[in-house]
A.B. asks: 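First the structure, then my questions, so here it is.
Here is the naming used below: chain letters follow the sequence lines, and residue numbers restart at 1 for every chain. Note that the coordinates shown come from a computational prediction; the quantities given were computed from them, not determined experimentally.
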Amino acid sequence: MIDLRYVREHPDLVRASQRARGADDSLVDALIAADADRRAAVGAADDLRSAQKAASLAVRGASAEGRPAVLERAKALAAQVKDAEEAERAADAALRTAHLALANVVADGVPPGGEDDAVTLRTVGEVPEYDFPVRDHLEIGELLGAIDMERGAKVSGARFYFLTGPGALLEFALAQLAISRAVAAGFTPVVAPALVRPEAMEGTGFLGEHDEEVYRVERDDLYLVGTSEVALAGMHMNEVLDLSAGPRRYAGWSSCFRREAGSYGKDTKGIIRVHWFDKVEMFSFCPPADAAAEHLRLLQWEEEFLTALELPYRVVDIAAGDLGTSAARKFDIEAWFPSQGTYRELTSTSDCTTFQARRLSIRYRDAEGRTQVAATLNGTLCAVARTIACLLEVHQRADGSVHVPPALRPWLGGHELLTPGMSLAAVSGPGVPAPAAPTR
RNA sequence: GGAGGCUUCGCCUAGUCCGGUCUAUGGCGCCGCACUGCUAAUGCGGUUUGGGUUAAUCCCCAUCCCGGGUUCAAAUCCCGGAGCCUCCGCCA
């Protein structure tokens, strides 16, 4: 939800933002009208309630003979209040509808246009060259015994998979690396629920246009999250945070579930686009004035993570028409996928300014001690399945083995290569004693 | 799944049986002022959160977990829901 005061004071800027998104700018005027209606209705109902309260008190003080008349008057006012409150409710609902219809105000500097108009800010790392025919991540995964799509489909259907052997170990290695780096950077690590109540889903803006993307557990009126952003934002709903020591940062781990409705035929091979994956998500609460700077910090942490994995990538500034409802600005990092000969989205970070926090009522105390709406930001540190896909492809060798970046080695038994048929018993992690020599 | 208890303005708490200056009690904490070599102690005052109105103040309305209902009037009575706790059952 955007700030109503801002809409009142700068309707032209909000209209421009709507146009930049390719959305209807007349919604702004509808919102302003609904706001005026509501305030009129509230004023009328308040005045009537005030009169009725006085009348009601008069009933108590009335003499025996004056009482019937006073009571009559109080009853009449009560009826009027009832009507006025009905009108107030209607005006409230109309305002809410108009309010929810508006997406966040696009930040200054966001490129105009739609999906194809993202601006590449920089390209980092060399696109690798291979002197052998490259395999896609599924072929490599199958050679390594790391990915099993067929059995995933047998058990759960299309777009489900098993990570097996080295694939499973890779998941944990990535999780450890991501969480460790986040903790070192000052994030509070969080294991977040993947099943949330409607308020959290709605507050983060996922029941609007993304409604079709979301799994709903009807029986219990719960939703499966598409990202731990939902649980992390919901964590502090209806709270006043202390942000005097700087942004409050969380690194959340959870499974993520997406119906992928409307993506039939897209990325059907492998684990790039799946109904379920695990993810380490960064989430930050900060004063709105710091949000843009915080956004760049999240982006930097994302870049450092990919650099540690030795993955070539580019950073793109998403155009206004392609922003999510809650985002004022969004940067994606796209990593190189050799089998596709192109960069594909691996992580994404959004500055939601006060849009989510206003809905969720997440506030902080400013220097003067007043409560203000906080800003929220989110960024992927590691979406595991897709990252594994990218790693396998980029670091593949002619013989089907895969180079392990040094950053991951501590959790993969120190190995420099994952090789088809390798013994997993040798792939121990820190804290695990070396396997005992076989006794016979 | 079953039974019972609980939820009050940052924290604790009175009030709920029996509806009406509850415009919510008291303590702690916090803020201001006074007093005092300093600190402490003490005294006085303030201290929920939203909304409406306003240049600002004043004022008005709402708010006792949430949503309905009864009533001239609801923290208080009735119905529905949520959360927490205890016990039983089941379960990793």
A.B. asks: Which is it for A/Phe277 and A/Ile271 under the side-chain contact (heavy atoms from CB on, under 4.5 Å) test, yes or no, and what are the steps along the way?
C.D. replies: CA-CA 9 Å; A/Phe277 59 95; A/Ile271 55 172; over 6 Å; no
A.B. asks: Whom does B/U16 pair with, Watson-Crick or G-U wobble, provided both distances fall under 3.5 Å?
C.D. replies: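 None - no nucleotide pairs with B/U16, as no candidate has both distances under 3.5 Å.
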A.B. asks: Could you measure between the two P atoms, the one in B/U8 and the one in B/G4, and give it in whole Å?
C.D. replies: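 Rounded to whole Å, the distance is 22 Å.
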A.B. asks: Given A/Asn378, which partner from the list A/Ser228, A/Ser348, A/Ser350, A/Ser284 fulfils the side-chain contact (heavy atoms from CB on, under 4.5 Å) test?
C.D. replies: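 Of A/Ser228, A/Ser348, A/Ser350, A/Ser284, side-chain contact (heavy atoms from CB on, under 4.5 Å) with A/Asn378 is met by A/Ser350 alone.
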A.B. asks: Could you please name the partner base of B/C44, counting Watson-Crick and G-U wobble pairs only when both distances are under 3.5 Å?
C.D. replies: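 B/C44 is paired, partner B/G32.
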A.B. asks: What do the steps show when you test A/Tyr250 against A/His236 for side-chain hydrogen bond (donor to acceptor under 3.5 Å, both in side chains), and what is the final call?
C.D. replies: CA-CA 12 Å; A/Tyr250 294 102; A/His236 287 306; 2.6 Å; yes
A.B. asks: Scan every strand shown for a Watson-Crick or G-U wobble partner of B/U71, both distances under 3.5 Å, and answer none if you come up empty.
C.D. replies: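 For B/U71, the partner nucleotide comes out as none, under the 3.5 Å rule.
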A.B. asks: Can A/Arg49 and A/Glu88 be counted as an ion pair, charged N to O under 4.0 angstrom?
C.D. replies: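 So A/Arg49 pairs with A/Glu88 through a salt bridge.
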A.B. asks: State whether A/Asp29 and A/Arg15 are salt-bridged, where the test is any N-O pair (Lys NZ or Arg NE/NH1/NH2 against Asp/Glu carboxylate O) under 4.0 Å.
C.D. replies: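 Salt bridge flag = yes for A/Arg15 with A/Asp29.
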A.B. asks: How far apart are the closest heavy atoms of A/Ala320 and A/Arg21, and which atoms are they?
C.D. replies: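 Of all heavy-atom pairs spanning A/Ala320 and A/Arg21, the closest is O-CG, 3.7 Å.
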A.B. asks: Would you kindly give the CG-to-P distance between A/Asn238 and B/C66, to the nearest whole Å?
C.D. replies: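 After rounding, the reported distance stands at 11 Å.
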A.B. asks: Atom NZ of A/Lys82 and atom P of B/A62: how far apart are they, to the nearest Å?
C.D. replies: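 Taking atom P of B/A62 as the reference, NZ of A/Lys82 is at 17 Å.
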A.B. asks: Please determine, for B/A56, whether a Watson-Crick or G-U wobble partner exists with both distances under 3.5 Å, and give it or none.
C.D. replies: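 In the structure as shown, B/A56 has no Watson-Crick or wobble partner.
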A.B. asks: Strictly under 3.5 Å: I want the nitrogen or oxygen pairs between protein and nucleotides 49-56 of chain B, one per line.
C.D. replies:
{"unit_1": "B/U49", "atom_1": "O3'", "unit_2": "A/Arg363", "atom_2": "NH1", "d": "3.0"}
{"unit_1": "B/G50", "atom_1": "OP1", "unit_2": "A/Arg363", "atom_2": "NH1", "d": "2.1"}
{"unit_1": "B/G50", "atom_1": "OP1", "unit_2": "A/Thr371", "atom_2": "OG1", "d": "2.8"}
{"unit_1": "B/G50", "atom_1": "O5'", "unit_2": "A/Arg363", "atom_2": "NH1", "d": "3.2"}
{"unit_1": "B/G51", "atom_1": "O3'", "unit_2": "A/Arg38", "atom_2": "NH2", "d": "3.0"}
{"unit_1": "B/G51", "atom_1": "N2", "unit_2": "A/Asp46", "atom_2": "OD2", "d": "3.0"}
{"unit_1": "B/G52", "atom_1": "OP1", "unit_2": "A/Arg38", "atom_2": "NH2", "d": "3.3"}

A.B. asks: Would you mind pulling out the nucleotide paired to B/A24, Watson-Crick or G-U wobble, both distances under 3.5 Å?
C.D. replies: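 The base-pairing partner of B/A24, which may sit in any strand shown, does not exist here.
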A.B. asks: What I want to find out is whether A/Arg38 reaches A/Asp92 closely enough, with some N-O distance under 4.0 Å, to be called a salt bridge.
C.D. replies: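 Yes, this pair counts.
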A.B. asks: In Å and rounded to the nearest 0.5 Å, what is the CZ to CE distance from A/Phe206 to A/Met201?
C.D. replies: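 A/Phe206 atom CZ to A/Met201 atom CE measures 7.0 Å (nearest 0.5 Å).
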A.B. asks: Just N and O in the side chain of A/Gln52: are any of them under 4.0 Å from OP1 or OP2 of B/A73?
C.D. replies: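 For B/A73, OP1/OP2 do have a side-chain N/O of A/Gln52 under 4.0 Å.
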A.B. asks: Can you measure A/Leu241 atom CG to B/G10 atom P for me and round it to whole angstrom units?
C.D. replies: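 In whole Å, B/G10 P lies 16 Å from A/Leu241 CG.
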A.B. asks: For the C1' atoms, the ones on B/C33 and on B/C17, what distance do you get once it is rounded to whole angstrom?
C.D. replies: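 So the two C1' atoms sit 44 Å from each other.
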A.B. asks: To the nearest 0.5 Å, what is the distance between CG on A/Leu243 and CZ on A/Arg363?
C.D. replies: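 Here the rounded value is 12.5 Å.
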A.B. asks: Mind calculating the distance between CD (A/Glu199) and P (B/G81) to the nearest angstrom?
C.D. replies: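 Between P of B/G81 and CD of A/Glu199: 16 Å.
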A.B. asks: Between B/U71 atom C1' and A/Leu71 atom CG, what is the distance in whole Å?
C.D. replies: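 One finds 10 Å between C1' of B/U71 and CG of A/Leu71, rounded.
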A.B. asks: Which heavy atom of A/Ser326 sits nearest to which heavy atom of A/Gly205, and what is that distance?
C.D. replies: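 Shortest heavy-atom separation between A/Ser326 and A/Gly205 comes out as OG-CA, 4.2 Å.
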A.B. asks: Work out how far the C1' atom of B/U57 is from that of B/C65, and round it to whole angstrom.
C.D. replies: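 To the nearest whole Å, 35 Å.
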A.B. asks: Check A/Ala185 against A/Trp301 and note the closest heavy-atom contact, atom names and distance.
C.D. replies: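 The pair with the smallest heavy-atom distance is CB-NE1, 3.4 Å.
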A.B. asks: Establish, with yes or no, whether the OP1 or OP2 oxygen of B/C60 is under 4.0 angstrom from a side-chain nitrogen or oxygen of A/Ser50.
C.D. replies: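 No, no such contact exists.
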A.B. asks: Who does B/A82 pair with, Watson-Crick or G-U, both distances under 3.5 Å?
C.D. replies: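 Its partner is B/U7 (Watson-Crick or G-U wobble, both distances under 3.5 Å).
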A.B. asks: Please list, by residue number, the residues of residues 72-80 of chain A whose heavy atoms come closer than 4.0 Å to an atom of RNA chain B; answer none if no residue qualifies.
C.D. replies: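 Only A/Ala74, A/Lys75, A/Ala78 qualify.
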A.B. asks: On RNA chain B, does the nearest nucleotide to A/Arg89 precede the nearest nucleotide to A/Ala51 from the 5' side, or the other way round? Give the residue.
C.D. replies: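 Final value for this comparison: A/Ala51.
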A.B. asks: Roughly how far apart, to the nearest Å, are B/G81 and B/C88 at atom C1'?
C.D. replies: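 Going atom to atom, C1' in each nucleotide, I get 24 Å.
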A.B. asks: Please state how far atom CZ in A/Arg197 lies from atom C1' in B/C84, giving the value in whole angstrom units.
C.D. replies: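 That distance rounds to 13 Å.
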A.B. asks: Between A/Glu260 and A/Arg273, does at least one N-O distance fall below 4.0 Å, as a salt bridge requires?
C.D. replies: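 Salt bridge present between A/Glu260 and A/Arg273.
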A.B. asks: To the nearest 0.5 angstrom, please state how far the NE2 atom of A/His295 sits from the CG atom of A/Leu298.
C.D. replies: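 Rounded to the nearest 0.5 Å, the NE2-CG separation comes to 6.5 Å.
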A.B. asks: Take atom C1' in B/U63 and the same atom in B/C22, then report the distance between them in whole Å.
C.D. replies: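 About 13 Å, rounded to a whole number of Å.
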A.B. asks: Only pairs with both distances under 3.5 Å count, Watson-Crick or wobble alike; so what is the partner of B/U63 in this structure?
C.D. replies: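 Partner of B/U63: none found under 3.5 Å.
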A.B. asks: Along nucleotides 18-25 of chain B, 5' to 3', which nucleotides get a B, which get an S, and which get a -, given that the test is a protein heavy-atom distance under 4.0 Å?
C.D. replies: --B-----
A.B. asks: If you measure from the C1' atom in B/G27 to the same atom in B/G5, how many Å do you get, rounded?
C.D. replies: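 B/G27 and B/G5 have their C1' atoms separated by 25 Å.
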A.B. asks: Quick one: A/Asp220 CG to B/G83 C1', roughly how many Å, whole number?
C.D. replies: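 After rounding, the gap between these two atoms is 16 Å.
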A.B. asks: Under a 3.5 Å cut-off for both distances, is B/C87 Watson-Crick or wobble paired, and to whom?
C.D. replies: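 Paired with B/G2.
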A.B. asks: Taking the same atom, P, in B/U7 and in B/C12, what whole-Å distance lies between them?
C.D. replies: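 Taking atom P in both B/U7 and B/C12, they lie 11 Å apart.
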A.B. asks: In whole Å, measure the gap between the C1' atoms of B/G19 and B/C72 for me.
C.D. replies: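 These two C1' atoms come out 12 Å apart once rounded.
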A.B. asks: Using a strict threshold of under 4.0 Å (side-chain N to carboxylate O), is an ion pair present between A/Glu72 and A/Lys75?
C.D. replies: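 A salt bridge is absent here (no side-chain N lies under 4.0 Å from a carboxylate O).
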